[in-house]
Amino acid sequence: MGNDAMHAEYKIPGGKLVVIDLDIADGAFSNVILSGDFFLSPEEALDWITATIEGQPSNSTEAALAERIQIATFGAEMLGITPEGIAIAVRRAVEAVQE
């Protein structure tokens, strides 16, 4: 599979907006950019999340992605955002391209 640019936004109920941009290369996520109006502490937690998504199989389930993000952000403060919300945004991006 070649590169497919993907984009999705997800408003976490009671929380903030999550925006994800990524590509798929050789069946895995690449060029992951996570943004939105949420707060993470320490700031490096954003890098931890993107590094966790980067390289994961593009057919990863929401549950699998959320679990990996939860592990990667252990000890971080996540305000207005959840691992599940990020995973939903990722899957929405993939599904939008497949439609």
Side-chain angles (χ1 to χ4, degrees):
M1 181 178 219
N3 283 352
D4 290 320
M6 295 176 287
H7 171 88
E9 298 178 3
Y10 177 65
K11 173 79 166 74
I12 295 176
K16 302 292 186 175
L17 182 68
V18 175
V19 179
I20 192 86
D21 290 285
L22 48 78
D23 297 325
I24 293 178
D26 298 322
F29 297 124
S30 63
N31 302 316
V32 177
I33 301 171
L34 175 66
S35 60
D37 59 357
F38 52 83
F39 174 79
L40 297 171
S41 178
E43 289 182 20
E44 293 82 12
L46 184 62
D47 295 332
W48 303 343
I49 295 168
T50 55
T52 298
I53 299 169
E54 192 87 27
Q56 291 301 307
S58 61
N59 63 352
S60 295
T61 65
E62 281 179 21
L65 290 168
E67 182 178 356
R68 288 185 163 277
I69 294 165
Q70 181 71 41
I71 293 167
T73 57
F74 180 77
E77 186 175 9
M78 301 175 76
L79 298 177
I81 188 173
T82 63
E84 295 79 14
I86 298 166
I88 289 169
V90 170
R91 292 307 317 159
R92 282 187 176 183
V94 173
E95 291 161 10
V97 169
Q98 293 174 347
E99 292 177 351

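Here the structure is a predicted model, which means the values were calculated and not measured.
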Practice prompt. Measure the OG-CZ distance between S60 and R91 for me, rounded to the nearest 0.5 Å.
Written response: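 The OG atom of S60 sits 7.0 Å away from the CZ atom of R91.
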Fill in: From OG1 (T82) to CD1 (I88), nearest 0.5 Å
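Separation between the atoms: 6.5 Å.
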Do [X] and [Y] have side chains that get closer than 4.5 Å, going by heavy atoms?
X   : Y   : value
K16 : I81 : no
L46 : L34 : yes
I86 : E62 : no
L22 : N31 : no
V32 : D21 : no

For [X] and [Y], work out which heavy atoms get closest and say how close.
X   : Y   : answer
S30 : E54 : CA-OE2, 3.1 Å
R92 : E9  : NH1-O, 3.7 Å
A89 : V18 : CB-CG1, 3.9 Å
D23 : A5  : OD1-CA, 3.2 Å
F38 : L17 : CD2-O, 3.6 Å

Discussion item. Is there a path of hydrophobic side-chain contacts, each under 4.5 Å between heavy atoms, that joins I53 and V19?
Written reply: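 Unlinked, I53 and V19 end up in two clusters.
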Throw together a table of side-chain donor-acceptor distances under 3.5 angstrom for residues 63-77, partners on residues two or more places apart or in other chains.
from	atom 1	to	atom 2	distance (Å)
R68	NE	Q56	OE1	3.0
T73	OG1	I69	O	2.8
T73	OG1	Q70	O	3.4

Worksheet item: Sequence neighbours excluded, which residues qualify as side-chain hydrogen bond (donor to acceptor under 3.5 Å, both in side chains) partners of E44?
Response: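 side-chain hydrogen bond (donor to acceptor under 3.5 Å, both in side chains) list for E44, sorted by chain: empty.
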Practice prompt. Could you identify which residues cluster with W48, counting Ile, Leu, Val, Met, Phe, Trp and Tyr as linked when any side-chain heavy atoms lie under 4.5 Å apart, either directly or through a chain of such contacts?
Written response: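 Grouped by the 4.5 Å side-chain rule, W48 forms a cluster of one, so the answer is none.
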Practice prompt. Kindly determine whether M6 and V94 satisfy side-chain contact (heavy atoms from CB on, under 4.5 Å), including the steps that lead there.
Written response: CA-CA 7 Å; M6 295 176 287; V94 173; 3.9 Å; yes
